[in-house]
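Let me begin by presenting the structure, written as structure tokens, before commenting on it.
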2 protein chains.
Amino acid sequence: MTNRRKSRTKFAILGFLASKPRSGYDLKKAIEKSIGFFWSESYGQIYPILSQLVKEGHAIKLPIDETSGRKRQQYAITDAGIEELKDWIEKAAEPQTYRNELLLKIFFGHQADPDASRKHLEEFKTQQKELNETFKGFQSTLPDMKDQPLNHYVYLQATINYGILMTEASLKWANDTLRMINRAKS
Amino acid sequence: MTNRRKSRTKFAILGFLASKPRSGYDLKKAIEKSIGFFWSESYGQIYPILSQLVKEGHAIKLPIDETSGRKRQQYAITDAGIEELKDWIEKAAEPQTYRNELLLKIFFGHQADPDASRKHLEEFKTQQKELNETFKGFQSTLPDMKDQPLNHYVYLQATINYGILMTEASLKWANDTLRMINRAKS
DNA sequence: AGCACCATGTAAGTGGTTACATGATTCC
DNA sequence: GGAATCATGTAACCACTTACATGGTGCT
């Protein structure tokens, strides 16, 4: 037992609890909205792991606010939880097995009609264009950062920038590839 | 049961069997060597699925060559298998849940020492540089393609090109992000 | 002889999604 | 009243990795 797989769901949750207390439902929404383009979690992971965090002492259940309409079980991070989160952030990211189904279809593209590849690439382009616009919209809402001390916004900006650069490179690739396929056909 | 998950391992295997008969061992090596940067399979998937392909009539076991030293069970694709592969290639790729641990750590970077983020980014840069050089080396071994009919090389070139563009965009991002972190600290 | 690697498989376990169950609340 | 959504949870299932078992082959 040297290199067992490890779930990072726990740290995604701790990271969000670090900014403020949240319920399982809140966590799901927050993850979708802010880091949905590079991370996702399902309720089937979130709720059991929240219980586990409480057992481990990395989070606590807050008393339910009976005055408000909707009743939600909020969780707050503990000092031990913050330590746990920090330790994880500072450790190197473990190599991940990335899988790209579109690329696999393109790699085997010569086995089928080139129109299939063309269609996939066109669809991919519209997806990436939309994503790119979303990121740019996001970015424009961020406050101006020069002369600001090191803070949350730098890292937020960095992740958005990743999305912008990757979608742009993807678009360039899709266009290049379409051109190559068309040239080869003629 | 509307949207059940589907394994694509089957199609990765069929795709490789389409070019020539191979054994489970061969398949593992071929996948690692050629599409390892965007796809991976383990023996624990490959061997059971090869049996399944035979049962389904998408592949057949070839007689073992007793004359050669190493004894390997080779598998060949059938006509039905080729059809199955084509059908999959032509269908749109299903949306995948992509997870990026480095980005998650950067997103939560403000919770820890900025040196941690710097270290991750520097390590990421060396990884991406190495990958980029590998792809460029690969590319230089491909034959010249102008005036060539539509063939396998176009698609091979496309996947390599994807690697080149993505690693270059990644390097730009890492440099931009490092600059942003450094500027924020001063 | 002994080691590295070739080669095929399987059992156990993990991380994760999906589908379902349940009930409350808000809004029309 | 009824639909949509809020909200929490769980059971079943799936895809996949890891670790292990087993034996053959090639090389020094």
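Proteins get letters first, then strands, A, B, ... in listed order; numbering begins at 1 in each.
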Check: Within the pair A:R8 and C:dG15, is there a side-chain N or O less than 4.0 Å away from OP1 or OP2?
Finding: no

Notebook entry, point to check: Does B:E133 have any side-chain contact (heavy atoms from CB on, under 4.5 Å) partners at least two apart in sequence or in another chain, and if so, which?
Noted result: none

Note to self: Tell me every residue that passes salt bridge (Lys or Arg N to Asp or Glu O under 4.0 Å) with A:E56, counting only those two or more places apart in sequence or in another chain.
What the structure shows: A:K10

Next item on the list: Find the distance B:K28:NZ to D:dC16:C1' and express it as a whole number of Å.
Entry: 13 Å

Next item on the list: Please determine if a side-chain N or O atom of B:S40 lies less than 4.0 Å away from the OP1 or OP2 oxygen of D:dT17.
Entry: yes

Check: Rounded to the nearest Å, what distance is computed from the CD atom of residue A:Q45 to the C1' atom of nucleotide D:dT8?
Finding: 16 Å

Notebook entry, point to check: Looking at the rings of B:F108 and A:F16, which for Trp means the six-membered one, are their centres under 6.0 Å apart?
Noted result: yes

Margin query: I'd like to check the side-chain hydrogen bond (donor to acceptor under 3.5 Å, both in side chains) partners of A:S19; sequence neighbours left out, ordered by chain and number.
Written below: A:R22

Note to self: In this structure, how many angstroms lie between the C1' atom of D:dC16 and the CD atom of B:Q52, rounded?
What the structure shows: 14 Å

Item checked: B:K6 NZ - D:dC13 C1' separation (whole Å) -> 16 Å

Note to self: Can you work out whether A:S7 or B:P48 has the more 5'-proximal nearest nucleotide on DNA chain C?
What the structure shows: B:P48

Margin query: Rounding to an integer number of Å, can you tell me how far A:I64 CD1 sits from D:dG9 C1'?
Written below: 13 Å

Notebook entry, point to check: CZ of A:F11 versus C1' of C:dG16: gap in Å, rounded?
Noted result: 17 Å

Next item on the list: Can you tell me the distance, in whole Å, between the CZ atom of B:R5 and the P atom of D:dA12?
Entry: 16 Å

Margin query: Under 4.0 Å between a side-chain nitrogen and a carboxylate oxygen: does that hold for B:E168 and B:K136?
Written below: yes

Item checked: For A:I60, the rest of its hydrophobic cluster, which grows through side-chain links under 4.5 angstrom -> A:L62

Checklist line | Length of the line joining B:I13:CD1 and D:dA15:P, which is rounded to integer Å | finding: 13 Å

Notebook entry, point to check: Sequence neighbours excluded, which residues qualify as side-chain hydrogen bond (donor to acceptor under 3.5 Å, both in side chains) partners of B:K86?
Noted result: none

Margin query: Does C:dG16 have its OP1 or OP2 closer than 4.0 Å to a side-chain nitrogen or oxygen of A:T9?
Written below: yes

Might you list the N or O atoms of the protein lying below 3.5 Å from N or O atoms in nucleotides 6-8 of chain C, with each pair's distance?
residue: C:dC6; atom: OP2; partner: B:Y25; partner atom: OH; Å: 2.8
residue: C:dC6; atom: O5'; partner: B:Y25; partner atom: OH; Å: 3.4
residue: C:dC6; atom: O4'; partner: B:R70; partner atom: NH1; Å: 3.3
residue: C:dC6; atom: O3'; partner: B:R70; partner atom: NE; Å: 3.4
residue: C:dT8; atom: OP1; partner: B:Q73; partner atom: N; Å: 2.9
residue: C:dT8; atom: OP2; partner: B:Y25; partner atom: N; Å: 2.8
residue: C:dT8; atom: OP2; partner: B:Y47; partner atom: OH; Å: 2.8
residue: C:dT8; atom: O5'; partner: B:Y47; partner atom: OH; Å: 3.3

